[in-house]
Amino acid sequence: MANIPDKPTLDGIEDRWAAQWDSDGTYRFDASVPREGVFSIDTPPPTVSGSLHMGHVFSYTHTDTIARYQRMRGKAVFYPMGWDDNGLPTERRVQNYYGVRCDPSQPYVEGFEPPFRGDPPKNHQAVAISRPNFLELCDELVEIDEQIFEMLLKRLGLSVDWSLKYATIDERSRRASQRAFLRNVTRGEAYSQEAPTLWDIDFRTAVAQAEMEDRERPGAYHKIPFALTGTNPGGTGTIEIDTTRPELLAACVALVAHPDDERYQPHFGTTVTVPLYGQQVEICAHELAEPDKGTGIAMICTFGDTTDVTWWRELNLPMRTIIGRDGRILTEPPHDVDVDAYATIAGLTVKQAQKTVVEQLVEADLLVGEPRPIQHPVKFYERGDRPLEIVTSRQWYIRNGGRDADLRATLVARGGEVEWHPAHMRHRYENWVEGLNGDWLVSRQRFFGVPIPIWYPLDEQGEPTYDAPLLPDESRLPVDPSTDAPDGYSEDQRGQPGGFVADPDIFDTWATSSLTPQIAGRWEEDGDLFERVFPMDMRPQAHDIIRTWLFSTMTRSHHEFGCVPWAHAALSGWILDPDRKKMSKSKGNVVTPLDLFETYGTDAVRYWSGSGRPGVDTAFSEDQMKVGRKLANKLLNVTKFVLQFGAPSGDRSLDDGVTEPIDRAMLAKLDAVIVEATAAFDAYDYARALERTEAFFWWFCDNYVELVKGRTYDESRPDAADSAKRALREALGAMQRMFAPILPFAAEEAWSWWNDSSVHLAAWPSPSGDGAAPFGDPSLADVTIEVLTQVRRAKTEAKRSQRAAVESLVVSAPPALYAAIDAGRNDLVDAGSIRDLQVVDGDTLATVITLADDD
RNA sequence: GGGCGCAUAGCUCAGUUGGCUAGAGCGCUUCCCUUACAAGGAAGAUGUCGGGGGUUCGAGUCCCUCUGCGCCCACCA
């Protein structure tokens with residue numbers, strides 16, 4: 001127990017208490033507690049790229065308040081931390097930080113030194129380095145970033161058990177990721193397929209539906225006539241189509257119109273000639289064609305957009321591929337396309353090709369009118385800079401209901417087994433699952449990630465047999481198939497006919513982070529632990545990744561365990577700029593969390609976070625942080641004040657020792673607050689708990705403490721003074737504990753002045769009375785305080801000090817209030833410096849106040 | 001096009017099963033060094049509860065409708 005400082009201060013308490021909690025192991029998970037005594041949290045592993053931002057502070061604080069509450073309720077809290085360090089963000093950051101790029105054809109260089117450590121100059125040409133060298137740099141940078149993140153999150157006061165740390169690229173995660181996937185493969189929940197896929201031409205990788213977004217981009221309709229062929233019953237002539245992608249004419253495989261469209265019905269089944277390139281394509285009917293769009297008839301290319309894929313598949317059309325994986329027009333023309341015309345665009349980028357084709361159309365008088373500019377949504381990879389193309393490639397998929405109505409319905413129903421906070425977030429989940437149009441693409445053509453643990457046997461011609469993949473035994477995991485050989489083969493058979501070849505790809509980062517409960521809970525590695533924490537109690541996360549992280553975790557858990565991965569999903573909102581726009585990281589001069597911690601104190605920043613209600617977008621507000629600092633400061637000061645009165649004498653119980661009705665009224669009010677705050681926390685509503693606690697706290701400081709402090713000083717009435725001391729300490733202890741989840745540092749500091757162990761391990765307060773036997777009449781104090789307020793008003797209006805004496809106070813009140821006034825009479829006289837107090841009968845509560853003029 | 005959310009004081013927001021004169025903080029005005037706190041305290045002003053209609057003894061709260069803002073989703077040539 002420390003001494004009460006003369007001058008309480010918030011300065012420096014973060015470092016002091018963080019170090020103390022670390023060395024005491026305050027937040028260590030007790031793995032011997034049975035499942036029902038555990039509260040387990042599926043912490044979001046932050047992407048370790050760049051710096052901690054306010055969004056992290058906001059949502060991680062929310063989770064931490066729940067963790068701290070549950071711990072105080074006696075639960076063994078399983079609160080791990082992970083780093084999501086594999087995947088594209090890390091690759092991109094490595095490129096930018098070291099000025100390098102990965103080129104798998106480069107040889108490995110022992111002891112490679114990157115050209116830069118830290119931002120290279122803008123004009124620097126990235127140095128091509130081998131994949132192993134690139135991965136070494138990934139590891140190096142990730143290490144640096146993770147240390148910074150850990151420091152910042154400790155400074156934020158998260159009650160994480162840091163011994164439960166993991167990283168999505170570490171060996172355990174790779175093992176879990178590969179094991180889960182292999183089981184998916186074995187059970188038929190994962191499969192590989194050669195198919196058209198959304199493709200980012202800069203990252204040169206396939207991307208999943210969930211990572212795709214629409215962006216409004218300028219484009220232009222080009223109206224182009226297609227010549228009817230001689231066999232056409234409609235005779236010679238042309239059909240005009242509108243397209244925004246004239247560069248894809250060479251990839252055209254058909255035209256399509258709606259089956260009911262009378263304008264085109266006569267032409268269905270006949271052919272037209274594609275301008276410039278000469279291939280003959282059929283005119284088809286399909287109900288996805290919209291008669292009122294463009295000219296009502298569209299050109300189908302392989303592939304311009306996802307509708308083309310649908311048409312291509314459903315109409316059983318041929319394929320004419322012209323766009324390569326680098327986004328350039330392939331050098332080899334597709335079949336039946338005019339070789340000379342094609343040669344003029346071969347090798348060009350899509351943009352260049354469009355320009356060339358339009359010029360050629362104009363020259364050949366094949367463009368009807370001018371191109372008409374429009375704004376239209378174009379599909380982008382969410383991290384990408386150029387529109388997605390569609391290329392055909394072999395990829396791995398995990399079934400997620402996108403092609404199977406039964407599975408889809410099952411996964412939608414799983415959403416109903418989770419309790420959502422706030423409840424309406426469930427709609428987003430259902431909305432997404434019901435809108436899926438394909439399985440989950442998990443393979444990526446990248447470098448830094450978990451390798452797909454698969455090989456393919458090579459036949460006598462050296463061709464891979466994709467439908468008979470070679471799977472490693474689980475005991476070998478993790479494997480890297482690019483350096484490990486499959487069972488029954490030796491390394492010198494790699495790439496040889498009759499030998500094997502490795503799957504060259506890695507998993508998308510979500511394929512691993514969808515297993516965070518399994519990774520953190522050491523699935524299949526520590527069965528005892530896993531039993532105690534899974535399914536987890538809580539999944540905290542932001543609402544924008546319901547379609548990715550939440551849904552993918554649900555899918556994996558459903559496949560592997562046939563259950564939901566957690567009981568509760570707690571969604572936090574966005575941080576908005578003070579002008580209510582979504583806060584953007586790109587704004588250079590955004591304040592950093594560390595600056596705010598130092599300016600206002602961590603508790604103040606947490607207070608702002610804790611005021612943001614679950615799931616609600618919240619404006620960034622330094623004003624709120626100032627209020628939080630005031631609150632934390634007040635907590636220290638009122639603690640000092642209450643404690644300095646000393647402990648009440650004797651060893652009486654609360655019920656026995658709190659004799660004054662005013663004191664019992666205060667404790668009865670406190671009871672109601674405890675009940676409300678407890679219910680709010682049980683419902684994951686930290687903000688409501690904070691608000692109730694805070695409102696009571698200010699009332700307590702401004703009114704109750706002011707009212708009873710005279711009596712507490714009064715040595716002539718020891719029983720009455722003791723009653724106040726007991727009540728003050730009871731309330732103080734309860735409030736310190738109720739603030740502890742939000743203001744862990746200030747609460748611990750204040751608590752430490754009169755307790756030996758941490759407030760964060762103290763029991764959550766419970767009411768002094770209960771419904772059947774309330775501790776007191778909570779309204780009793782209100783009358784006295786109303787009169788006190790009127791006295792204060794009189795002094796303020798007279799521009800006198802609050803200390804000024806009142807010569808006489810006449811209170812008129814209905815007889816029903818006499819008892820209440822009587823109960824507070826002595827306290828009122830003390831607090832108001834009242835020399836003479838009379839109570840007379842009246843219809844309503846009113847006062848006549850005469851100030852003394854002798855001070 | 002489908003779905004969800006929001007709209008209360010100048011600002012940020014409470015207002016939980018419908019119930020007395022609609023609340024808090026910030027900001028603003030006035031006053032006060034008072035033995036916890038001047039990084040403090042006391043007091044004050046400020047509202048067509050987005051519009052309209054309905055149910056009810058009674059609606060910020062429930063129902064319908066309109067408007068505005070935001071978000072999510074969708075196969076927009």
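Each chain gets a letter, A, B and so on, in the order its sequence line appears, and its residues count up from 1. Excluded from the calculations below are hydrogen atoms, water molecules and symmetry mates; all remaining heavy atoms, backbone and side chain alike, are included.
The C1' atoms of B/A22 and B/U48 are separated by 14 Å, rounded to the nearest whole Å. Distance check on atom P: B/C33 versus B/A38 gives 14 Å, rounded to whole Å. Between B/U61 and B/C49, the distance separating the two C1' atoms is 10 Å to the nearest Å. Across the P atoms, B/G27 and B/U67 are found 39 Å apart, a figure rounded to whole Å. Here, B/U35 and B/U17 have their P atoms 45 Å apart, quoted to the whole Å. Nucleotides B/C6 and B/C62 are separated by 10 Å at their P atoms, to the nearest Å. Nucleotides B/C75 and B/G70 have their P atoms positioned 23 Å apart, rounded to a whole Å. Rounded to the nearest Å, the gap between the P atom of B/G52 and that of B/A45 is 28 Å.
Taking atom CH2 of A/Trp420 as the reference point, atom C1' of B/G3 lies 15 Å away to the nearest angstrom. Rounded to an integer number of Å, the gap from CD of A/Glu430 to C1' of B/A74 is 17 Å. Regarding A/Glu676, its CD atom lies at a distance of 17 Å from the P atom of B/A24, rounded to whole Å. Taking atom NE2 of A/His286 as the reference point, atom P of B/A77 lies 17 Å away to the nearest angstrom. Going from atom CD of A/Glu622 over to atom C1' of B/U12 covers 14 Å, rounded to whole Å. One can place CZ of A/Phe697 at 22 Å from P of B/A14, the figure rounded to the nearest angstrom. One can place CD of A/Glu694 at 8 Å from C1' of B/G25, the figure rounded to the nearest angstrom. Distance OH (A/Tyr607) to P (B/G25): 10 Å, rounded to an integer number of Å.
Note on A/Glu797: nothing from the nucleic acid sits closer than 4.0 angstrom, heavy atoms only. A/Gly438 comes within 4.0 angstrom of no nucleic acid atom, judged by non-hydrogen atoms across all strands. Looking at heavy-atom distances under 4.0 Å, A/Asn437 makes contact with sugar-phosphate atoms alone, never a base. Within 4.0 Å (heavy atoms only), A/Arg692 reaches at least one base atom of the nucleic acid. Base contact: A/Ile297 has a heavy atom under 4.0 Å from a base atom.
Under the 3.5 Å distance criterion, with hydrogens and angles disregarded, a donor-acceptor pair is assigned to the side chains of A/Trp754 and A/Gln736. For the 3.5 Å distance criterion, the side chains of A/Thr847 and A/Gln790 qualify, holding a donor opposite an acceptor.
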Practice problem: Walk me through it: do A/Arg711 and A/Asp714 pass the test salt bridge (charged side-chain N to carboxylate O under 4.0 Å, His left out)? | Solution: CA-CA 5 Å; A/Arg711 166 154 57 91; A/Asp714 188 354; over 6 Å; no
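A salt bridge links A/Asp214 with A/Lys379: the closest approach of a Lys/Arg side-chain nitrogen to an acidic carboxylate oxygen falls below 4.0 angstrom.
Applying the salt bridge (charged side-chain N to carboxylate O under 4.0 Å, His left out) definition to pairs two or more places apart or across chains, those involving residues 367-377 of chain A are A/Asp242-A/Arg372.
The structure places CG of A/Leu631 at 9.0 Å from CG of A/Asp603, a figure rounded to the nearest 0.5 Å. Remark: A/Trp574 CH2 to A/Met54 CE distance equals 15.0 Å, nearest 0.5 Å. Here the NZ atom belonging to A/Lys634 is positioned 11.5 Å from the OG1 atom belonging to A/Thr639, to the nearest 0.5 angstrom.
Residue-environment remark: CD (A/Glu715) stays at or below the threshold of 12 foreign heavy atoms within 6.0 Å.
Residue A/Val378 comes nearest to A/Arg217 through the heavy atom pair CG2-CB, 3.8 Å, listed as atom of the first residue, atom of the second, then distance. Taking each heavy atom of A/Ser572 and A/Ser59 in turn, the nearest pair found is OG-CB, 3.1 Å.
Annotation: of the two residues near RNA chain B, A/Asp623 and A/Thr310, the 5′-most nearest-nucleotide partner is A/Asp623.
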Give every donor-acceptor pair under 3.5 Å between a side-chain atom in residues 609-616 of chain A and any protein atom, sequence neighbours left out.
{"residue": "A/Ser609", "atom": "OG", "partner": "A/Val605", "partner atom": "O", "Å": "3.2"}
{"residue": "A/Ser611", "atom": "OG", "partner": "A/Tyr607", "partner atom": "O", "Å": "2.7"}
{"residue": "A/Ser611", "atom": "OG", "partner": "A/Gln624", "partner atom": "NE2", "Å": "3.2"}

Which side-chain N or O atoms in residues 697-704 of chain A pair as donor and acceptor under 3.5 Å with protein atoms at least two apart or in another chain?
{"residue": "A/Asn703", "atom": "OD1", "partner": "A/Arg792", "partner atom": "NH1", "Å": "3.2"}
{"residue": "A/Tyr704", "atom": "OH", "partner": "A/Asp663", "partner atom": "OD1", "Å": "2.6"}

Quiz item: RNA chain B in dot-bracket, Watson-Crick or G-U pairs under 3.5 Å, [ ] crossing, | other strand?
Solution: (((((((..((((.....[...)))).(((((.......))))).....(((((..]....))))))))))))....
Quiz prompt | Protein-to-nucleotide contact annotation, 5' to 3' order, nucleotides 31-42 of chain B [B base; S sugar-phosphate only; - none; under 4.0 Å, heavy atom] | solution = SS-B-BBSBSSB
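Listed pair A/His376 / B/A77 meets the phosphate criterion, a side-chain N or O lying under 4.0 Å from OP1 or OP2.
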Filtered N/O pairs between nucleotides 71-73 of chain B and protein, under 3.5 Å:
{"residue": "B/C71", "atom": "O2'", "partner": "A/Arg428", "partner atom": "NH2", "Å": "3.1"}
{"residue": "B/C73", "atom": "OP1", "partner": "A/Arg547", "partner atom": "NE", "Å": "3.3"}
{"residue": "B/C73", "atom": "OP1", "partner": "A/Arg547", "partner atom": "NH1", "Å": "2.3"}

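In the set B/G15, B/A77, B/C75, B/A77 carries the atom at the smallest distance from any side-chain atom of A/Pro377.
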